[in-house]
Number of protein chains: 2
Amino acid sequence: MEGDPATAAPRTRIQQRNMRRVLDAALEVFSAQGFRGATLDQIAELAGLSKPNLLYYFPSKEAIHHQLLADLMDTWLDPLRELDPAGDPMDEILGYMRRKLEMSRAMPRESRLFANEILQGAPRIGPALEGELKRLVDEKAGVIAGWMEAGRLAPMDPHHLIFSIWALTQHYADFDVQVRAVLGPGHDPFAEAGGLLDTLYRKALTT
Amino acid sequence: MEGDPATAAPRTRIQQRNMRRVLDAALEVFSAQGFRGATLDQIAELAGLSKPNLLYYFPSKEAIHHQLLADLMDTWLDPLRELDPAGDPMDEILGYMRRKLEMSRAMPRESRLFANEILQGAPRIGPALEGELKRLVDEKAGVIAGWMEAGRLAPMDPHHLIFSIWALTQHYADFDVQVRAVLGPGHDPFAEAGGLLDTLYRKALTT
DNA sequence: CTATTGTTTGACCAAATGGTCAGAAGCACG
DNA sequence: CGTGCTTCTGACCATTTGGTCAAACAATAG
């Protein structure tokens, strides 16, 4: 039976365990060093495998990175998908913002992986941005625009409203070191940010 | 006469011109590829010099990068320095936000260079963050806090207010590709952002 | 037990890359 | 001109790094 893990979905328990380890190690390294900064040796060591063994599970460095980004795109957009056209506008926007902030808090490595990719011009997920991402954002921006036209939210450009939520929430994951350096010890940046963003958007969106 | 450009300030016209070229090329490459992603060959070619010639002007890749960051830190904080304790609170905050956004628009490469550095844990400018940067932010946060206590601005955490301005303005430089991909053609992201941020902060800061 | 399939490794390779160096070419000035 | 300094280059080097491969080592089904 042919069971090349490099080209097929995991079959055995060992495959599943090791591919997981590799992906987790790779996330750690890629998010901290960027694609070119990361080395297979680093990833292999962190995963507890030899380099050739690692390459038994994934055909190339590129493939690992690609897999990570593909997996990420799914969950990354979940908070926005949950925005409910039938809900209360203010609750929906604030809820989205909170979910996004919580995601930054819980998944900073993923946020940085994404940030690295975009910073470098999105060479690997450019198409997904103009496709999947744009479609979803356009759709939800439409919903928000509807709320604004109905006078249920203060009017503003819905696309940029969404961008502002991305910027604010991801900042606390991507620029974590800077935030902590400036605040000094004894702070909980995410908690404090939550409070500020809440009042910020509440006031801004009130008609 | 000893004139090693690698260890001294530029003396001749040629040195000045070539060091400039190198730094400009390096900014281009470092900001687009990150430190490890950039190669001396790329920088040299873009600068119109041979690699050994480039290394005649700078002792190492690290040195070029360091020089860029050092130069940047200066100008990067200018907009905040200009925040005037004697001015009108709302005008000052909005003015700061606009200067910062304009800087993102005019200097996206610098913004990305900085973002890359922070993303990777600020291995090279960490100290400056806890020193120079923290001092300036603490000072200006104090000014803002004073305005709020005097009832001239709606109360909120001044540090996080500043963070929010960083996040929002830099986002348009650092995530430029994503913003443009989602908006599609026929947009001027920075102009549109300017409008939104203006109303956002105006409402949020009004008592 | 054994044959087959799945897993792991040591040794190895080619390309890329940061950096060196001896000397050639350019340039200014007495 | 020729002397001394600056600028530049081709050739070279050591290391790092992504990736290969044949063969050894499990594991497991029959």
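Letters go in sequence order (proteins before strands), and every chain restarts at 1. It should be emphasised that the depicted structure is a prediction, and the values quoted were computed from it without experimental measurement.
Partners of A:Glu130 according to the side chain to side chain contact (heavy atoms under 4.5 Å, CB included) rule, which considers only residues two or more places apart in sequence or in another chain, are B:Ala181. With sequence neighbours excluded, the residues satisfying ring pair (Phe, Tyr, Trp, His ring centres under 6.0 Å) with A:Tyr172 are B:His160. With sequence neighbours excluded, the residues forming a side-chain hydrogen bond (donor to acceptor under 3.5 Å, both in side chains) with B:Arg109 are B:Asp24, B:Glu28, listed by chain and number. A:Trp166 meets the ring pair (Phe, Tyr, Trp, His ring centres under 6.0 Å) test with A:Phe163; sequence neighbours excluded.
Between A:Asn53 and C:dT7 there is no side-chain N or O to OP1 or OP2 distance below 4.0 Å. Using a 4.0 Å cut-off, no side-chain N or O of A:Asn18 falls inside it from OP1 or OP2 of C:dG6. Phosphate proximity of D:dT9 to B:Ser50: present, with a side-chain N or O under 4.0 Å from OP1 or OP2. For the OP1/OP2 pair of D:dC8 and a distance below 4.0 Å, the side-chain nitrogens and oxygens of B:Tyr56 include no atom meeting the criterion. Checking the phosphate oxygens (OP1, OP2) of C:dG6, no side-chain nitrogen or oxygen of A:Gln15 falls inside 4.0 Å.
Atom CZ in A:Arg17 sits about 17 Å away from atom P in C:dG6, given to the nearest Å. Atom pair A:Leu54:CG and D:dT20:C1' shows a separation of 14 Å (rounding to whole Å applied). Following rounding to the nearest Å, A:Gln33 (CD) and D:dT16 (P) show an atom-to-atom distance of 15 Å. With rounding to whole Å, A:Ile43 atom CD1 is found 12 Å from D:dT17 atom P. The separation between A:Gln16 atom CD and C:dG6 atom P is 16 Å, rounded to whole Å.
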Please tabulate the protein-to-nucleotide N/O contacts below 3.5 Å involving nucleotides 18-22 of chain C, giving atom names and distances.
{"from": "C:dG18", "atom 1": "OP1", "to": "B:Ala38", "atom 2": "O", "distance (Å)": "3.3"}
{"from": "C:dG18", "atom 1": "OP1", "to": "B:Lys61", "atom 2": "NZ", "distance (Å)": "2.9"}
{"from": "C:dG18", "atom 1": "OP2", "to": "B:Leu40", "atom 2": "N", "distance (Å)": "2.8"}
{"from": "C:dG18", "atom 1": "N7", "to": "B:Lys51", "atom 2": "NZ", "distance (Å)": "2.9"}
{"from": "C:dG19", "atom 1": "OP2", "to": "B:Lys61", "atom 2": "N", "distance (Å)": "2.8"}

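Ion pairing between a basic and an acidic side chain is recognised when a charged N comes within 4.0 Å of a carboxylate O; A:Asp138 and A:Arg135 show no such pairing.
Near-neighbour residues of DNA chain C inside residues 21-30 of chain B, defined by a heavy atom below 4.0 Å, are absent.
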